[in-house]
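For reference, the structure is listed below as structure tokens.
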Amino acid sequence: MNFFVRRCILSKSLTYLTSLSSAISAGKRGRRMMKNRMLAAAVAVGAMAVALPAHAGNYIINFTTNQPLIGGIQTGSATITTSDALTMSSQNRLGYVITGISGMLNMSAITGLSGFQGSDNYFYTTDSFVDGSGLGFTTAGGTSASLYFASAAQKYQLTSVSPFTTGYVAATATPAVPEPATWAMMLIGFGAVGGALRRRKAQVAAVSFA
């Protein structure tokens, strides 16, 4: 689901929780129905908040050589940031432009993106997360590298220079941990539920003792 759609649903769910909380306190009639609706909205808020990535596109990529072709084993981890909007890449796939990168390759800090070997620097959320053009980057040690999907072998491949090294790698891409603001929105939603239920119990107790 698109980031902005999820964010819109989350915002509307929180608004709905607030209105239902007030309605529950207003009178006895229809409380059970409103309570059920509010609990359903709370579940939706929690699910959407957990599903939201830290940004429109923050992903952690890990890769390690599992089949060297030339040179030795390469290993690394990178955090990438992508654009918000889907666009068509040079490989005729809809994806997100990678706008930033940080991390490590072979114990050397990754310093930025590059067009090494014609890398188009696109990220995809379906099938292979990079295409045949790949993700190009440089390191503080002077290495230029490209992580790409070798369609003939149906494997990810990492090629770098200084020194020249290439091989197939085991690579994964996972969403980064949700940002603090997202967790806060989730907690606010569940807090609204708890507050409404406490007020309802207090009202019931007052009626019982009256």
Side-chain angles (χ1 to χ4, degrees), residues 1-10 44 46-106 108-139 143-161 164-179 182:
M1 186 182 293
N2 184 274
F3 172 82
F4 292 108
V5 173
R6 294 199 299 262
R7 181 71 73 179
C8 181
I9 293 174
L10 184 58
M48 294 306 298
V50 171
L52 286 171
H55 178 264
N58 276 6
Y59 295 88
I60 298 173
I61 298 175
N62 294 298
F63 47 89
T64 301
T65 302
N66 57 8
Q67 187 180 343
L69 298 177
I70 299 175
I73 291 176
Q74 302 188 88
T75 184
S77 178
T79 299
I80 62 169
T81 301
T82 71
S83 61
D84 296 336
L86 283 167
T87 54
M88 191 69 70
S89 72
S90 62
Q91 301 295 302
N92 294 318
R93 290 180 61 185
L94 277 174
Y96 299 92
V97 176
I98 299 172
T99 58
I101 187 171
S102 62
M104 302 288 287
L105 171 64
N106 301 330
S108 181
I110 295 173
T111 55
L113 297 167
S114 78
F116 179 62
Q117 287 194 325
S119 298
D120 63 1
N121 297 325
Y122 261 81
F123 180 83
Y124 307 94
T125 55
T126 58
D127 299 324
S128 60
F129 62 83
V130 290
D131 57 30
S133 293
L135 165 62
F137 55 91
T138 56
T139 72
T143 296
S144 291
S146 179
L147 173 65
Y148 54 96
F149 189 73
S151 57
Q154 288 294 292
K155 297 177 180 179
Y156 291 103
Q157 187 168 349
L158 179 65
T159 297
S160 63
V161 293
F164 181 78
T165 307
T166 188
Y168 298 124
V169 297
T172 60
T174 56
V177 176
E179 61 189 358
T182 298

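The basis for the numbers below is simple: all heavy atoms, side chains too, and nothing from hydrogens, waters or symmetry mates.
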Requested in this report: Could you tell me which non-hydrogen atom of Val169 sits nearest to which non-hydrogen atom of Leu158, and how far apart they are?
Outcome: CG1-CB, 3.8 Å
Query raised in the report: Mind checking whether Phe149 and Gln154 have side chains closer than 4.5 Å, heavy atoms only?
Result: yes
Report summary line: One should read off an interatomic distance between Asn121 CG and Ser89 OG, to the nearest 0.5 angstrom, of 11.0 Å
Query raised in the report: Just how far is it from atom CD1 of Ile110 to atom CD1 of Ile80, taken to the nearest 0.5 Å?
Result: 10.5 Å
Query - Closest heavy-atom pair and its distance - Ala171, Phe63 - result: CB-CB, 4.1 Å
Query raised in the report: Taking the side chain as C-beta and beyond, is there a heavy-atom pair between Ile101 and Leu135 under 4.5 Å?
Result: yes
Report summary line: Phe129 meets the ring-ring contact (aromatic ring centres under 6.0 Å, His included) criterion, sequence neighbours left out, with Tyr156
Requested in this report: Would you indicate whether Ile73, at its atom CD1, is surrounded by more than 12 heavy atoms from other residues, nucleotides or ligands within a distance under 6.0 Å?
Outcome: no
Query raised in the report: Rounded to the nearest 0.5 Å, how far does OG1 of Thr79 lie from CD1 of Ile61?
Result: 8.5 Å
Report summary line: Closest non-hydrogen contact found for Tyr168 with Ala150 is CE2-CB, 4.2 Å
Report task. Please round to the nearest 0.5 Å and tell me the distance separating atom CG of Asn106 and atom OG1 of Thr139. Result -> 8.0 Å
Query raised in the report: Is it true that a side-chain atom of Thr159 and a backbone atom of Thr166 form a donor plus acceptor pair closer than 3.5 Å?
Result: no
Query raised in the report: So, Ser128 versus Tyr148: side-chain donor-acceptor pair below 3.5 Å or not?
Result: no
Query raised in the report: Will you find, in the side chains of Ser146 and Ser119, an N or O donor that is under 3.5 Å from an N or O acceptor?
Result: yes
Query raised in the report: Donor-acceptor pair, Thr64 side chain versus Thr75 backbone, under 3.5 Å?
Result: no
Requested in this report: Report yes or no: is the cationic atom of Arg93 (NZ for Lys, CZ for Arg) under 6.0 Å from the centre of the six-membered ring of Tyr124, at an angle within 45° of the ring normal?
Outcome: yes
Requested in this report: Would you check if there is a donor-acceptor pair between the side chains of Thr138 and Thr111 at a distance under 3.5 Å?
Outcome: yes
Requested in this report: Would you indicate whether the side-chain heavy atoms of Gln157 and Leu69 approach each other to under 4.5 Å?
Outcome: yes
Query raised in the report: Is a side-chain N or O of Tyr122 found less than 3.5 angstrom from the main chain of Met88, in a donor-acceptor match?
Result: yes
Query raised in the report: When Phe123 is tested against each of Val97, Ile98, Asp131 for side-chain contact (heavy atoms from CB on, under 4.5 Å), which residue passes?
Result: Ile98
Query raised in the report: Who are the side chain to side chain donor-acceptor pair (under 3.5 Å) partners of Ser77, not counting sequence neighbours?
Result: Asn62
